[in-house]
Amino acid sequence: MLVDYHTHHHRCGHASGNLEDYVEAAARARLSEVGLSDHSPIYHLGEDPHALPGTAMSHHEFSSYLKEMHVVRDRFRGRVQVRLGVESDYVLGWDEHYRALWRSMPLDYVIGSVHWLGQWSIFSPELPVGQSPDDVYDEYLHTTQAAARSGAYDVIGHLDCLKTRGHIPDLRLTPLLEDTVRVLADSGVAIELNTSGWRKGLGEPYPREELLAVCCHYGVPVTLGSDAHRPEDVAADFPRAAALLERVGYTSIMRFENRKKLPFPCAEREKRAGAKVQFSPNPPSGVSRYSTIAVLGRPRQPPGL
């Protein structure tokens, strides 16, 4: 059975439904677990406790969010396992803030997402003044590496989310991108296969298949998330996601309890060899710039298991 560890609700200001609605949807989808992971308050934009209404909950709402999650978990005990989580920003220079904050909270897991490069949102249609797409992409990957190394997070959210507004200038497996995957593997942090990219019309999830295969090869653990902002989107496209995980070589997904990873088989089948994904700088027309060129043996065990 599958899990959905990335869901939102009305407190963030751009989602509908309450926490119970999402757990009910998970029960209807026959998930074994659902994680509640609304956007945490924004801390890096100044002293205003609600700097961006419609983007994240205010500082003052977080305690009530925690209390309600516990109530909902107890209410659904025996029907579906509810995990307590949050989707947190990661911003360079804020490592100690986020580390201390999330270690003080009674959570099962924390998703760390790079939504901001300084004060610039990656969802902005315009690039920062004076920066090129290459500049932004390099900073995004270095920031992702820092998030993984920070020790504040259990999961790195929507790994290649910078593509949402077309800000990734080169979708090939660049040296910096491969270095970033190695950092993820060495840190022990998981990634999520986030299915919302399909719903946003991108034609692919986060991360894209080729990047997911690279993560599998290097032993980066994975979990599943719909990034649902409506109850009806809980577990959206999960059969498609499960098939994709098998195709690139994953044999287990991660569950979380009290900030600990718990591997869970995603298919009852023999482990498959990991595929080395490389790119061709000048592929023939109609051929992906990535190509699976060699089978290098079993992926190494994800660290920390």
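Starting from 1, each residue takes its place in the sequence as its number.
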**OP:** Using the side chain to side chain donor-acceptor pair (under 3.5 Å) rule, pick out the option among N194, D233, D4, D237 that qualifies with S226.
**Re:** D4

**OP:** Could you state whether V155 and L84 fall into the same hydrophobic cluster, counting links through intermediate Ile, Leu, Val, Met, Phe, Trp or Tyr residues with side-chain heavy atoms under 4.5 angstrom apart?
**Re:** no

Subject >> Verdict with reasoning, H10 to H8, per side-chain hydrogen bond (donor to acceptor under 3.5 Å, both in side chains) >> reply: CA-CA 7 Å; H10 68 85; H8 297 281; over 6 Å; no

**OP:** Can you sort out the partners of E24 under salt bridge (Lys or Arg N to Asp or Glu O under 4.0 Å), two or more places apart, ordered by chain and number?
**Re:** R79

Original post:
Given the rule in the side-chain contact (heavy atoms from CB on, under 4.5 Å) test, do F256 and L262 qualify, once you have shown the distances and angles that lead to the verdict?
Top reply: CA-CA 6 Å; F256 293 89; L262 304 169; over 6 Å; no

Could you pull out all donor-acceptor pairs under 3.5 Å where a side-chain atom in residues 40-57 meets a protein atom, sequence neighbours excluded?
unit_1, atom_1, unit_2, atom_2, d
H44, NE2, G118, O, 3.1
D48, OD1, H50, N, 2.9
H50, NE2, A56, O, 2.9

**OP:** Look only at the side chain of S196 and the backbone of R199, and say whether a donor-acceptor pair between them is shorter than 3.5 Å.
**Re:** no

Original post:
Is there side-chain contact between S16 and P231, with at least one heavy-atom pair below 4.5 Å?
Top reply: yes

**OP:** Would you please test Y109 and E257 for side-chain hydrogen bond (donor to acceptor under 3.5 Å, both in side chains) and show each step?
**Re:** CA-CA 7 Å; Y109 68 102; E257 183 176 3; over 6 Å; no

Original post:
Between R11 and E68, is there a side-chain N and carboxylate O pair less than 4.0 Å apart?
Top reply: yes

Original post:
Does any non-hydrogen side-chain atom of V136 lie less than 4.5 Å from one of E139?
Top reply: no

Original post:
Does the separation of the ring centres of H39 and H14 fall below 6.0 angstrom?
Top reply: yes

**OP:** Kindly say whether the aromatic ring centers of H6 and H229 come within a distance under 6.0 Å.
**Re:** no

Original post:
Between H70 and K67, is any pair of side-chain heavy atoms under 4.5 Å apart?
Top reply: no

Original post:
Does a donor on one side chain sit under 3.5 Å from an acceptor on the other, for Y206 and E192?
Top reply: no

Original post:
Per the side-chain contact (heavy atoms from CB on, under 4.5 Å) rule, which among V181, I156, L212, V183 passes with V220?
Top reply: V181

Original post:
Do E87 and S37 have side-chain N/O donor and acceptor atoms under 3.5 Å apart?
Top reply: no

Original post:
Just by modelled atom types, is the P128 backbone N or O under 3.5 Å from a matching donor or acceptor in the Q131 side chain?
Top reply: no

Subject >> From E178 atom CD to R172 atom CZ, the distance as rounded to the nearest 0.5 Å >> reply: 13.5 Å

Subject >> Taking every non-hydrogen atom, the tightest pair across W120 and E126 >> reply: NE1-O, 2.8 Å

Subject >> 4.5 Å side-chain heavy-atom contact, V114 and C161 >> reply: no

**OP:** Please answer: with hydrophobic residues joined when any side-chain heavy atoms are less than 4.5 Å apart, are V234 and V86 in the same cluster?
**Re:** no

**OP:** Write down the atom of Y65, the atom of L19, and the distance for their closest heavy-atom approach.
**Re:** CE1-CD2, 4.2 Å

**OP:** Indicate yes or no for a side-chain donor-acceptor contact from D135 to the backbone of S132 under 3.5 Å, with no hydrogens or angles considered.
**Re:** yes

Original post:
Is L171 linked to L176 within one hydrophobic cluster, defined over Ile, Leu, Val, Met, Phe, Trp and Tyr using a side-chain heavy-atom separation of less than 4.5 Å?
Top reply: yes

**OP:** Give the minimum heavy-atom separation between W102 and S88, together with the two atoms involved.
**Re:** NE1-OG, 3.0 Å

Subject >> Atom NZ of K260: over 12 foreign heavy atoms under 6.0 Å >> reply: no

Original post:
Will you find, in the side chains of E33 and Y5, an N or O donor that is under 3.5 Å from an N or O acceptor?
Top reply: yes

Original post:
Listed by chain and number, what are the side chain to side chain contact (heavy atoms under 4.5 Å, CB included) partners of P205, not counting sequence neighbours?
Top reply: L193, W198, L244

Subject >> K261 side chain to G188 backbone, donor-acceptor under 3.5 Å >> reply: yes

Subject >> I111 side chain reached by Y153 side chain, heavy atoms, under 4.5 Å >> reply: no

**OP:** Could you grab the distance from atom CZ of R208 to atom NZ of K163, nearest 0.5 Å is fine?
**Re:** 6.0 Å

**OP:** Dump the intermediate steps for side-chain contact (heavy atoms from CB on, under 4.5 Å) on T7 and V34, then the final yes or no.
**Re:** CA-CA 8 Å; T7 63; V34 62; 4.2 Å; yes

Original post:
Linking I/L/V/M/F/W/Y whenever their side-chain heavy atoms sit closer than 4.5 Å, directly or via other members, would F76 and L31 fall into one cluster?
Top reply: no

Original post:
Does L92 have any side chain to side chain contact (heavy atoms under 4.5 Å, CB included) partners at least two apart in sequence or in another chain, and if so, which?
Top reply: Y90, T143, A146

Subject >> Atom of Y22, atom of A15 and distance for their closest heavy-atom approach >> reply: OH-CB, 4.2 Å

Original post:
How about R77: does its CZ atom have over 12 heavy atoms from other parts shown lying under 6.0 Å from it?
Top reply: yes

Original post:
Within a strict 4.5 Å, meaning less than it, do heavy atoms of the S252 and F264 side chains meet?
Top reply: no

Original post:
Are N18 and H9 close enough that a side-chain donor and a side-chain acceptor fall under 3.5 Å?
Top reply: no

Original post:
Under 4.5 Å between any side-chain heavy atoms of I191 and P207, yes or no?
Top reply: yes

Original post:
Got a second to check how far H167's NE2 is from L162's CG, nearest 0.5 Å?
Top reply: 6.5 Å

**OP:** With rounding to the nearest 0.5 Å, note down the distance linking CG in L159 to CG in L211.
**Re:** 5.0 Å

Original post:
Is it the case that one hydrophobic cluster holds both L127 and L117, taking links as side-chain heavy atoms less than 4.5 Å apart, direct or via other members?
Top reply: yes

Original post:
Under the ring pair (Phe, Tyr, Trp, His ring centres under 6.0 Å) test, which residues partner W94, sequence neighbours left out?
Top reply: H97

Subject >> Residue pair L224, M254: steps toward the side-chain contact (heavy atoms from CB on, under 4.5 Å) verdict >> reply: CA-CA 8 Å; L224 269 173; M254 292 300 121; over 6 Å; no

Subject >> Test log, rule salt bridge (Lys or Arg N to Asp or Glu O under 4.0 Å), inputs R259 and D108 >> reply: CA-CA 5 Å; R259 306 296 303 273; D108 290 309; over 6 Å; no

Subject >> Closest non-hydrogen atom pair between L184 and S187, with its separation >> reply: O-OG, 2.9 Å

Original post:
Who are the side-chain hydrogen bond (donor to acceptor under 3.5 Å, both in side chains) partners of E96, not counting sequence neighbours?
Top reply: R99

**OP:** List the steps, then state whether side-chain contact (heavy atoms from CB on, under 4.5 Å) holds for I122 with T164.
**Re:** CA-CA 8 Å; I122 69 167; T164 306; over 6 Å; no

**OP:** Return the minimal non-hydrogen interatomic distance between P106 and L66, and the atom names on each side.
**Re:** CD-CD1, 4.4 Å

Subject >> Side chain to side chain, Y98 and D89, heavy atoms closer than 4.5 Å >> reply: yes

Original post:
Distance from W116 atom CH2 to S124 atom OG, nearest 0.5 Å?
Top reply: 9.5 Å

**OP:** Would you give the length of the straight line joining atom CD1 of I168 to atom CG of D134, rounded to the nearest 0.5 angstrom?
**Re:** 11.5 Å

